[in-house]
Structure formats: structure tokens, C-alpha cells
A.B. asks: 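This structure is in C-alpha cells; I'll ask about it shortly.
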2 protein chains.
Amino acid sequence: MNEPRYQRRKDDRPAEITQAAFSTFVEKGYAGTRLEEVARRAGVSKGLLYLYFKTKEELFKSVVKNFVVPRLHELETTIASTDLGAEAFLRGPFVDFAHTITRSPVGKIVRLLVAEGPKHPDLLQFYWDNVVSRGIKMIGALLEKGVAAGEFRRSPVTEQPLLFIMPVVFSVIFRLLFGKQDVDTDRLIDTQIDLLITQLKGSTK
Amino acid sequence: MNEPRYQRRKDDRPAEITQAAFSTFVEKGYAGTRLEEVARRAGVSKGLLYLYFKTKEELFKSVVKNFVVPRLHELETTIASTDLGAEAFLRGPFVDFAHTITRSPVGKIVRLLVAEGPKHPDLLQFYWDNVVSRGIKMIGALLEKGVAAGEFRRSPVTEQPLLFIMPVVFSVIFRLLFGKQDVDTDRLIDTQIDLLITQLKGSTK
DNA sequence: TTCGTTACTGACTCATTGGTCAGCAAGAAT
DNA sequence: ATTCTTGCTGACCAATGAGTCAGTAACGAA
């Protein structure tokens with residue numbers, strides 16, 4: 001007769017709660033996020049959160065794991081299945097990715113990571129292993145491919161994939177902080193990548 | 001007979017409290033900083049803090065004002081009084097500055113700014129006006145000087161001084177987060193600056 | 001229908017801490 | 001010495017929010 005007040009949906013709860021936490025973290029920041037509010041958005045009680053996630057920190061890790069890592073995965077997949085040359089890939093899909101991520105909510109999680117990282121060493125370790133380190137390797141491999149194909153010459157740049165990652169991270173953060181000052185982060189990214197490629201293609205001296 | 005329990009030192013208190021706040025913020029982060037502890041380190045009672053600084057946020061602003069801004073000032077002074085050419089200045093004093101700031105406690109304040117910025121819009125505005133904007137102008141002027149002296153040619157790089165600032169900010173943050181992974185941030189900075197200068201000196205096509 | 005399991009609720013606890021203020025005492029003025 | 005001003009103290013308050021747990025009800029099994 002009466003509607004049930006709730007349904008048991010053990011399997012879906014973690015994903016739903018993580019989704020709610022993602023939006024809330026993005027809007028309110030880590031410290032600013034009330035678990036009460038996460039619960040409300042997920043349509044559950046606060047107590048239930050603690051059944052699936054031991055602490056607030058656990059919940060944050062779940063967000064990083066489920067929303068940031070997959071993005072990198074996409075890029076890895078794209079790179080693996082592309083038939084573009086190294087230069088074309090960098091100027092095309094990679095730059096697009098950089099522009100997109102700069103505006104995406106995922107970018108805000110990156111900022112949160114900067115903000116909260118030092119307080120959560122194991123989260124940083126996880127992020128290093130699953131995002132940064134793999135990102136570096138990915139670019140590194142791409143540059144090697146370029147060298148092998150005779151597109152690029154070796155130089156300090158081929159040894160430092162971070163030079164490609166730097167403008168992406170910088171733009172994400174810069175835009176979040178000073179977005180209202182209308183700095184053209186897209187152009188910054190474009191110029192940097194162009195610069196790097198020019199250097200890579202310059203004749204060996 | 002008895003030692004006085006405290007001395008009245010109206011003039012020195014703000015500086016002493018700001019100094020204590022600086023160390024505490026650097027060690028504990030913004031949210032992690034207890035005003036009680038700041039008071040203890042400054043050798044005063046918690047109540048006195050509120051006589052000189054209305055809120056915790058005010059105190060944080062004071063730290064930025066007194067510890068970050070002066071650093072930029074130094075660089076501006078150096079640049080104004082140097083007789084080095086633009087290239088020599090960038091490769092010398094500027095790169096030194098970048099290496100130093102990367103390891104300095106001041107760097108940690110920059111990270112705090114990233115972390116706390118969005119919650120304190122007027123702090124961000126202050127920082128933009130007094131640090132970022134001036135930094136950009138400073139580099140911009142230096143590049144112009146180089147162009148005027150015939151050292152550099154115009155290119156997208158001369159229009160985007162941020163390309164020089166980017167590796168500094170990135171290194172500061174990256175080192176704070178992933179310092180244990182021994183990434184050579186100095187080399188990153190060197191390569192980037194070298195790259196930019198190479199581009200600036202390349203012949204006009 | 002009855003029973004047992006357990007997903008789920010929500011009122012509660014309790015540590016934490018930014019901020020206040022009534023009063024005290026240092027040191028200047030007289 | 002005595003008085004006055006005010007820099008300074010520290011006990012206190014009010015709010016906040018993470019985390020708990022005894023009890024409730026959904027729902028599958030028998």
C-alpha cells in the first residue's frame with residue numbers, strides 16, 4: 001500500500017555516492033564539502049555514506065579514481081590506436097585534449113589535488129602511479145616513435161616529456177584562479193607545443 | 001620585584017604575528033593552522049591576534065603581502081639596475097631566481113594560494129594585481145628591451161611572457177607534490193628558458 | 001505469512017576551533 | 001605616589017560537522 005521509503009540497491013550506491021561527491025567537491029572544494037550534502041544529493045542518508053566509505057578521504061580517493069584516471073585512459077587508448085604521426089598527434093588530439101581538460105570539471109579535481117595532496121600522501125602516491133607517471137611514459141613513448149620515424153631529432157626535449165604536460169597543468173590551475181582576467185590559455189598551450197615541435201624538428205647541429 | 005608578565009610592544013606585534021603565521025601556514029596549510037598555535041609561536045595570547053587582524057583570512061593576506069610580494073620586488077629592482085642584456089639576464093639572475101624560489105618556503109605559500117584562492121576572491125585579486133600582473137609586465141618589458149637592442153626578434157613568444165613564468169610556477173607546485181619522485185625541476189626550467197631564447201634568437205623567416 | 005538478514009535511517013555525540021569580551025596590569029602622565 | 005590609558009590576557013561561547021549506532025524496514029527465503 002505505502003510506497004517503500006527507500007530501496008535497497010547495494011550495487012549502485014557506491015557509484016551514485018561517488019558521482020554526488022564529485023559534483024560537490026568540484027563546487028565546494030574539499031574542506032567546504034559537507035558529507036550531509038553529498039548524502040542529500042545522492043538521495044541517501046549520511047549514515048549510509050559510512051557504510052561504503054570509511055572516511056571523507058576515502059570518498060575523495062574514489063572520486064579521483066573514477067573521474068580523473070579514466071580521462072588519461074582515453075588518451076592512452078587514442079594514442080595506441082591512432083595512425084597519425086607523432087607531430088600530427090601532438091598538434092591534433094593532444095592539443096584538443098589539453099584545451100578540453102582546461103575547461104572541464106575534471107580540471108577542478110586537479111586543483112583539489114594540489115590543495116589537498118600534502119595532507120594525503122597515499123593519494124598523491126596513487127596519483128603519481130596512475131596519472132603522472134603514466135602520462136610521462138605516454139608522451140615519452142610518443143616522442144620515441146617520432147624519433148624512430150625520423151620525424152624528430154633527439155634533444156633535451158625528447159628527454160623531458162614534462163615539457164608537454166606542463167602547459168596543460170599550468171593552464172588548468174591558472175584558469176581556475178585567474179579565469180576572469182581573460183588570459184588566453186589555449187594560445188599558451190598552442191605556442192608551447194609549437195615551440196617544442198619546432199625544436200624537435202630543427203636540424204641536428 | 002616580579003618580572004612583568006608581558007611587555008607592550010604595539011609596533012612590533014603585527015610583524016611578529018605575521019612571521020609566526022607564515023611558518024605555521026607553511027607547515028600546516030591554511031585549514032590546518034590553528035590560530036591558537038600562531039599565537040603561541042608569536043608569544044602572545046590568542047585574543048591579541050584579533051586586535052591586529054580581524055580574521056584568519058586577514059592574517060593570511062598579511063603573510064602574502066609581506067613574504068611573497070617583496071620577492072617579486074627584489075627581482076624588479078635587480079632588473080631595473082642590471083646592465084646585463086636581456087638574454088644574459090634571463091639565463092643568469094632570472095634562472096637563479098627560479099631555482100631558488102622552487103625550494104623556498106615562499107613556494108609553499110604559492111601552493112596555499114592555489115588551494116585557498118577560490119575561497120578568497122579579493123586575495124586572488126590582490127595577488128593578481130601585485131604579483132602576477134606585475135610579473136608579466138616585468139618579463140614583457142625585458143623582452144621588449146631585447147627586441148629594441150636587436151637581441152631578439154618578435155614572435156608569439158614576445159607576446160606571451162607567461163611562457164617564462166609557467167615553468168617557475170609549475171616547478172614550485174610539482175616539487176611540493178612529487179618532490180620525493182626526484183624530478184629534476186631545475187633542468188626543466190633550464191630547458192624551457194633555453195628553448196624560448198633559441199626561438200627568440202632564430203632568424204626571421 | 002512469517003521469519004531472518006541486512007541495507008538503510010537519522011538523531012545523537014563529541015572534539016574542534018574561530019571568534020568574543022570583561023577584566024587585568026604595564027607603563028605613561030601628572 | 002596616584003591616576004589614567006590601553007595593550008594584553010585567557011576563560012568562554014557558539015557553531016560546525018565528522019563520525020556513530022541503536023533501531024527500522026525492505027525483501028528474499030522458507
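Convention: sequence-line order gives letters A, B, ...; per-chain numbering from 1.
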A.B. asks: Which whole-number value in Å describes the distance from B:K56 NZ to D:dT16 P?
C.D. replies: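 Result: 16 Å.
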A.B. asks: Once you measure the plane-to-plane angle for B:F60 and B:F25, does it fall in the parallel (<30°), tilted (30-60°) or perpendicular (>60°) bin?
C.D. replies: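 Aromatic pair B:F60/B:F25 classed perpendicular.
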A.B. asks: Where each residue is assigned the nucleotide of DNA chain C containing its nearest heavy atom, which of A:R9 and B:K54 is assigned the position nearer the 5′ end?
C.D. replies: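 Closer to the 5' end of DNA chain C: A:R9.
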A.B. asks: Tell me, please, whether A:F126 has A:K65 positioned over its six-membered ring: NZ or CZ under 6.0 Å from the ring centre and within 45 degrees of its axis?
C.D. replies: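 Relative to the ring axis of A:F126, which defines the angle, A:K65 lies inside both limits.
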A.B. asks: Decide if atom NZ of B:K61 counts as having more than 12 heavy atoms of other residues, nucleotides or ligands within a radius under 6.0 Å.
C.D. replies: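 Buried by this count: over 12 neighbours within 6.0 Å.
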A.B. asks: Could you check which residues of residues 25-49 of chain B get a heavy atom under 4.0 Å from DNA chain D? Sort them by number, please.
C.D. replies: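 Within residues 25-49 of chain B, the residues near DNA chain D are B:V44, B:S45, B:G47, B:L48.
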A.B. asks: If I take atom CG in residue A:L51 and atom C1' in nucleotide C:dT5, what distance separates them, rounded to the nearest angstrom?
C.D. replies: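 Whole-Å distance recorded here is 14 Å.
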A.B. asks: I want to check one thing: is the phosphate of C:dC8, taken as OP1 and OP2, less than 4.0 Å away from some side-chain N or O of A:R13?
C.D. replies: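 Affirmative; the distance criterion is met.
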A.B. asks: Examine distances only and state if a side-chain atom of A:R153 and a backbone atom of A:Q199 form a donor-acceptor pair shorter than 3.5 Å.
C.D. replies: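 Pair found, side chain donor or acceptor close to backbone of A:Q199.
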A.B. asks: Among C:dC8, C:dC24, C:dG18, which is the nearest nucleotide to the side chain of B:Y6?
C.D. replies: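 Comparing C:dC8, C:dC24, C:dG18 against the side chain of B:Y6, the answer is C:dC24.
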A.B. asks: Rounding to 10°, can you tell me the angle the first-five-pair axis of the helix from C:dT1-D:dA30 to C:dT30-D:dA1 makes with its last-five-pair axis?
C.D. replies: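 Answer for the end axes of this duplex: 10°.
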A.B. asks: Without decimals, in angstroms, what is the distance between A:Q7 CD and C:dA7 C1'?
C.D. replies: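 After rounding, the gap between these two atoms is 12 Å.
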A.B. asks: May I ask you to establish whether A:K56 and A:Y50 are in a cation-pi arrangement, using a distance under 6.0 Å from NZ or CZ to the six-membered ring centre and at most 45° from the ring axis?
C.D. replies: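 No, a cation-pi geometry is absent between A:K56 and A:Y50.
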A.B. asks: What nucleic acid atoms does A:Y52 come within less than 4.0 Å of, heavy atoms only: base, sugar-phosphate, or nothing?
C.D. replies: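 Counting heavy atoms under 4.0 Å across all strands, the contact made by A:Y52 is with sugar-phosphate only.
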A.B. asks: Run the salt bridge (charged side-chain N to carboxylate O under 4.0 Å, His left out) check on B:E144 and B:K137 step by step: do they pass?
C.D. replies: CA-CA 10 Å; B:E144 278 308 318; B:K137 283 201 188 92; over 6 Å; no
A.B. asks: Does any part of the side chain of B:L51, heavy atoms only, come nearer than 4.5 Å to the side chain of B:L48, both counted from C-beta?
C.D. replies: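 Counting from C-beta outward, B:L48 and B:L51 do come under 4.5 Å.
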A.B. asks: Could you give the NZ-to-P distance, from A:K10 to C:dT6, as a whole number of Å?
C.D. replies: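 Result: 9 Å.
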A.B. asks: Using whole Å, what does the distance between atom P of nucleotide D:dA18 and atom CG of A:L59 come to?
C.D. replies: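 Value for this atom pair: 11 Å.
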A.B. asks: Counting only side-chain nitrogens and oxygens, does B:Y50 get under 4.0 Å of the OP1 or OP2 atom of C:dG19?
C.D. replies: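 The answer is yes; a side-chain N or O of B:Y50 sits under 4.0 Å from OP1 or OP2.
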A.B. asks: C:dA26 base to B:R8 side chain: any donor-acceptor pair below 3.5 Å?
C.D. replies: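 By the distance-only test, yes, there is a pair.
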A.B. asks: In whole Å, what is the span from the CD atom of A:E16 to the C1' atom of C:dC8?
C.D. replies: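 Atom CD in A:E16 sits about 14 Å away from atom C1' in C:dC8.
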A.B. asks: Could you tell me which residues satisfy side chain to side chain contact (heavy atoms under 4.5 Å, CB included) with B:T18, sequence neighbours excluded, listed by chain and number?
C.D. replies: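 Per chain and number, B:T18 pairs via side chain to side chain contact (heavy atoms under 4.5 Å, CB included) with B:F53, B:S62, B:V63, B:N66, B:F67.
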A.B. asks: If we ignore angles and hydrogens, is there a donor and acceptor under 3.5 Å between the side chains of B:T191 and A:Q160?
C.D. replies: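 The criterion, which ignores hydrogens and geometry beyond distance, is satisfied for A:Q160 and B:T191.
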